[in-house]
Amino acid sequence: MTTAPFAITFNSPCETADFAARLGRILRPGDTLLLEGEIGSGKTHFSRSLIQSVMSIPEDVPSPTFTLVQVYDTEIGEIWHCDLYRLGAVDEVDELGLTEAFETAICLVEWPDKLGSMQPENALTLSFETDPNTVEKRLITLSWVNTEWASRLEAAQ
C-alpha cells in the first residue's frame, strides 16, 4: 500500500497529463485536490488535463487566474477549478461558495495556502516542482491525512 508522502517524476507534459487523467478516474464529489507550487510549475496544466479527461465533449479549460473559479459539469460530477492567487482575504472563500463546494463538488485548488485553516482535512495535496535542468520535467509529491487516499491512489497507478 502507498504511504504518504510519495513523489512521482514526469519527464514530459504528456506524462503529467496522463497521470492527471488517471487521477480523474478515481475522483468523486466531495474530493479536494490542493495544488501547491511556484508559478509555472504545472498546476494549471495538470488541472486542465484532468478536467478535459472527464468531460464527455472536451472543451477549452482556461486558467481561473482572473475569475478565481471556473465550474465544469463533467461525467464524474461538478468540478470547481480555483486559482486563489489573487484572493485578498480568507473570508472571501465563503463568498465564492467554495466551502459548500468542498462538500458537494470535486475541487481543484491552486494556491491553497490562501485557504488558511479552511483547507479540507480530507484533501489530497499535490506539490509541484520544476527541474532546473529542463523545462519539461516535473516532480509531484502527493501527501494526505485521510488514509483512504492510499488505496484510491493505488487504483490510479
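We use all heavy atoms of the structure for the numbers below, so side chains are in, but hydrogens, waters and symmetry mates are not. Just so it is clear, the structure is predicted and the values come from calculations on it, not from any experiment.
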Would you say the side chain of [Y] lies within less than 4.5 Å of the side chain of [X], judging by non-hydrogen atoms?
X	Y	value
K114	V90	no
I51	L108	yes
T99	V93	yes

Can you tell me how far the [atom1] atom of [X] sits from the [atom2] atom of [Y], to the nearest 0.5 Å?
X	Y	atom1	atom2	answer
E36	E110	CD	CD	12.0 Å
I79	T74	CD1	OG1	4.0 Å
Y85	F66	OH	CZ	10.5 Å
L126	I140	CG	CD1	6.0 Å
S12	E136	OG	CD	6.5 Å
T125	L142	OG1	CG	9.0 Å

Residues K137, T9; criterion side chain to side chain contact (heavy atoms under 4.5 Å, CB included); working and verdict
CA-CA 7 Å; K137 201 175 210 178; T9 299; 3.5 Å; yes

Stepwise side chain to side chain contact (heavy atoms under 4.5 Å, CB included) check, T141 with F6
CA-CA 6 Å; T141 303; F6 81 93; over 6 Å; no

Count I, L, V, M, F, W, Y as connected when their side-chain heavy atoms are under 4.5 Å apart, and connections chain through other members. Are [X] and [Y] then in the same cluster?
X	Y	result
F10	L50	yes
L34	W80	yes
V61	F19	yes
I8	L33	yes

[atom1] of [X]: more than 12 outside heavy atoms within 6.0 angstrom?
X	atom1	answer
E100	CD	no
E75	CD	yes
Y72	OH	yes

Work out which heavy atom in [X] is nearest to a heavy atom in [Y]; give both atom names and the distance.
X	Y	answer
V145	E121	CB-O, 4.0 Å
I26	W149	CD1-CZ3, 4.4 Å
S41	T130	CA-CG2, 3.6 Å
Q119	P112	NE2-O, 2.9 Å
D83	S63	OD2-OG, 4.1 Å
P29	I106	N-CG1, 3.7 Å

Is there a side chain to side chain contact (heavy atoms under 4.5 Å, CB included) between L35 and T44? Walk through the geometry before answering.
CA-CA 9 Å; L35 311 174; T44 300; over 6 Å; no

How are the rings of F46 and F128 set to each other: parallel, tilted or perpendicular (split at 30° and 60°)?
perpendicular

Indicate yes or no: does R152 engage D31 in a salt bridge with an N to O separation below 4.0 Å.
yes

Candidate list T32, I76, V54, test side chain to side chain contact (heavy atoms under 4.5 Å, CB included), partner L27, passing option
I76

Run the numbers on V109 and F102 for side chain to side chain contact (heavy atoms under 4.5 Å, CB included), then give the verdict.
CA-CA 10 Å; V109 182; F102 286 149; 4.1 Å; yes

N/O donor-acceptor pair under 3.5 Å between H81 side chain and S47 backbone
no

Where the side chain of K43 meets the backbone of G37, is there a donor-acceptor pair that is under 3.5 Å apart?
yes

